Structures are given as C-alpha cells and as structure tokens.
2 protein chains.
Amino acid sequence: MSKPLSLTEENYLKTIFSLSDGQDNAVNTSALAKQINIASSSVTDMLKRLGEKGYIHYEKYQGVRLTDSGRSIAINIIRKHRLWEVFLVDKLHFSWDEVHEVAEQLEHIRSKKLTTRLYEFLNKPKFDPHGDPIPDENGNFPDMERNMLTDFNEGDTVTILGVNDDSPDFLKYLEQLNLKLGSILTINTILSHDRSMELRNQHNKTIMLSYISCQHIFCKKS
Amino acid sequence: MSKPLSLTEENYLKTIFSLSDGQDNAVNTSALAKQINIASSSVTDMLKRLGEKGYIHYEKYQGVRLTDSGRSIAINIIRKHRLWEVFLVDKLHFSWDEVHEVAEQLEHIRSKKLTTRLYEFLNKPKFDPHGDPIPDENGNFPDMERNMLTDFNEGDTVTILGVNDDSPDFLKYLEQLNLKLGSILTINTILSHDRSMELRNQHNKTIMLSYISCQHIFCKKS
DNA sequence: CATCAAATTTAGATGAGACGAATTTTTTTT
DNA sequence: AAAAAAAATTCGTCTCATCTAAATTTGATG
Ligand SMILES: [Mn+2]
Ligand SMILES: [Mn+2]
Ligand SMILES: [Mn+2]
Ligand SMILES: [Mn+2]
C-alpha cells in the first residue's frame, strides 16, 4: 500500500491527462504551468518527484507522459469530478456554470464506497452537465461521436452535445441565448470573412455565434 | 478578506471546540496533541500561529480558548460534518459506523451555497446519525435535553437519543444488539458491584450493558 | 517550601510545495 | 551555421506543518 497522493499531485496527474487529450501525447512544462497557474520552475520540481514515484515518464526537456498507474489515478479523479457535477446540478439544483469550482474540491474526497454509491444514487450517468463523458468504474469512457460546431456546413441541423469551455462566463452566455445540451439548431449561413455562424433554433429565432464560440460547442448531426 | 484557513487549522479549531465541550473551558496542549494524534511541540507551534491570526486566545502554559471568530469557524465545520453524515446515511445508505471518516474529509469543502443547498436537500435536519445536534446557519444548536444512560435508575423507561462515541467498533456493537436512535429500553436492574445494567427492550429481550457502554449512550425518560 | 515529575515550550531539522533569478538547452530566425 | 528567442531547468530561499531532544515552567508531594 503506497502512501496516498497529495491533492497537489492528484491535480498534476489530472491536468496532464487533460492536456494530453486522453492520448499518450507528451505535455509541456509551460502548458502545465499555465493550466495550473504556477511558476514553471515549480512544475519542473513536481515532475521530478512524480517521475520518481512512477506516475509519469519524465525526461528533461522532453515533456511528460502518464504511466499506466498515473493514468488510472487521473481518470478516477475525473470520474469523481464529473459525478459530483451531476450531483450538484441534478440534486442540489446548481446551474451548470456554478459546479466546476466546487467539483474541483469534491474530486479529491477519498472513498471508494462513496464514489460507487454516488454513481448509483445518480442512476449511473454517462455524461456530466457540460456533456463530458464520465468514465466507468474500470476507467472506460462511454462511446460518443461528436464534433465541433465549426465542423458542420450550411444547411446542417445539429444537436448540442457538450461544451469545450467550462468557464462561468461562457456557460452563462450560452444560457442567456437559451442554448443548452439537447438544443437543436440549423446552420443558416456561415459568414466567410470571420467564419461566424448564423443559426436558427427550434422557435425560429436567429442566433449569431462567433467562430471562437462555435469552437467551444460540440454537436452531432440530427 | 483574509486568506482561508488550511485544513489543518480548521481541524485544530474544531478539536478545541469539541474538547472545551462547546463552552469556554481552556483546553490543554496535551489533550489536543492526543486527540489530533500529533507531538505536543507541534501543537504549541500551531497554537502560536492561530493566536497571532486571532482565532484563539493563547497564553503560554495556560491552555487555549477560542475567540468568537475561531468559535464560529469551528461550529461551521461541525455543521458541515454532521450534514454530510446525514447525507451519507439517508441518501447513500451508509451505515452509522461508516460515515465519520468520510465526513472528516467532506467537512472541509468550502462553498456556502453547497452547505445551504445540502441542508435543504436533507430537509433541514436537526440531528446527525449519531444523535448529535446540527447547528443552524447562525451557529445555534437545537435545544435538547438528554442524559447519559448511567444517570437513570432501576425501573426507568428511556429512549435512546444519541451516542458519545463515534468509533466504528462501538457503533457496530450497538447495531448488533439492535440498539439504535429511538430504541426504547426499561432498566431492570443495576448491578451494584460493577454498575452494569440489565435492560429490557420493546420485544422483551434482555440486554446487558457495561457501565462504560452506558456512559456512551444518551437517553431521555420516555 | 524545596524537590521532583509532568506538562509545556524552545531549538534545531526535515520534507513538501511554492517562488524568482540565473543558467542551460532547444528551437526559430536570420 | 550563427545569433536570438523561447522553453526548461537549476539554485537558493521561503512558509507550513511536522518531528525529536533539550530546556523551562508548573504544580504536586513530602
Ligand atoms: Mn468541471
Ligand atoms: Mn464538467
Ligand atoms: Mn462524525
Ligand atoms: Mn456524528
């Protein structure tokens, strides 16, 4: 039985996983520093330690990759984060822009039984309030096919499946436009000069979205 | 806005509150050391720091008392601890001997809104699964009148209101005897040589409890 | 009330996690 | 391929929370 990881270490592993897109891509020191909001010298320190403990493969100047054990820890943190987000929205009626900050704390609670029971209490959800997939007990993510809104064409009708940006600002913006998971939109026009989209919702209301915004919305054809 | 307390500092304040029985009794360095399971020199260090920050009144060699701000922080931690225990038992079907350890972690989650919403979700409970009172938003504990089982006499009929010992061992022991909050017992005999009690439950079953066990059970006359 | 034991504090160290400044390595530009 | 820029690492230092061992204070006992 090895000593449990510190909260800080858990956050590094989780962040490495996210920045490597769940793949085996190497992650930069500076990308981590930026994401965690810390000096890059501190990141280098921590990477050495995590490397020695066997959670990551770390070669000076070469970036970092998770080992199997690091990866499985990261996925477990993400599982807990997303389950708590579901709890906060479904049971405690938080709005989708309020949950991330609290889930950042709750994701570190250590109790196998708690995670299992919460999962059941929430009816084994597959997606969190932002449409992100929740890995199962074994760390497997549910299948899903989704693309950025920017990948579709004029005339396509799509359903919103998720967002790529959990920031309260963006989420409140979407809420205000009455855009949520499940909303159905038809692409009227894609403006060529800035690639912004003119969309039509189910009530025939027109909505304009910048290219940047469209990059933060996941959809499927419907 | 002062920097939030560390988890360690919160635990000190909570423990000082508990050891002073919620009154203004001075608490010893060594009592704290024992309870927190730490060297007493470490306690001295921490008390200095907490004193400088204004959460406690600390005079060398004279023990420690909470200030108003320290007290209110302590009560808030206890409120959260007990609310989470209710959640774990009522919603996630934990048994009363499993919840304390997890609540020790959950009590440190910082979100005013979370506490408020949880309180409402649980229907504003007044007592936790061990019969301990849950302070309200303003830090006021619900009124309650209760005495140790050892305070009653032969022939008295009492209702169990709570326990004084949250250890899994003791709680499992009670469960096994089918004793729980609300159980009604009549005191048949109090043995004079060891003050142990012979009790009768609602199904006319006889239960023997040692004096020590009786000291850990709170009751009211019924 | 002087002595001794217990409780408490002080002193000195350590490890984790953070920082900024200086240095080194890698990458990009001329 | 040299120079410049960017990225990453090393170095020295800081704070927090902890420890053990030594010194001090308190308070109990003869
Ligand atoms: Mn989130
Ligand atoms: Mn999410
Ligand atoms: Mn408890
Ligand atoms: Mn309790």
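Naming: A, B, ... by sequence-line order, numbering from 1 per chain. For clarity, every value in this text was computed on a predicted model and none was experimentally measured.
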Any A:Arg49 side-chain N or O less than 4.0 Å from OP1/OP2 of C:dA16: no

Look at the side chain of B:Asp45 and decide which nucleotide, out of D:dC19, C:dA7, C:dG17, has an atom nearest to it. D:dC19

Atom pair distance, as rounded to whole Å: CG in B:Asn28 and P in D:dT26: 14 Å

Hey, are B:His100 and B:His130 close enough side-chain-wise for a donor-acceptor pair under 3.5 Å? no

A:Ser6 or A:Lys60: which one's nearest nucleotide on DNA chain C is closer to the 5' end? A:Ser6

Hey, what's the ring geometry for A:Trp84 with B:Phe87, parallel, tilted or perpendicular (30° and 60° as the breaks)? tilted

Looking at C:dG20, does its base get a donor-acceptor pair with the side chain of A:Ser41 below 3.5 Å? yes

Please tell me whether A:Gln23 and A:Ser20 have a donor and an acceptor in their side chains that are separated by less than 3.5 angstrom. no

Charged N to carboxylate O under 4.0 angstrom, B:Arg82 versus B:Glu107? no

Rounded to whole Å, please give me the gap between CD1 in B:Ile36 and P in D:dC19. 11 Å

Paired with D:dG30 by Watson-Crick or G-U wobble geometry, both distances under 3.5 Å: which nucleotide is it? C:dC1

Return the value, rounded to whole Å, for the distance between atom CE of A:Met46 and atom P of C:dC19. 11 Å

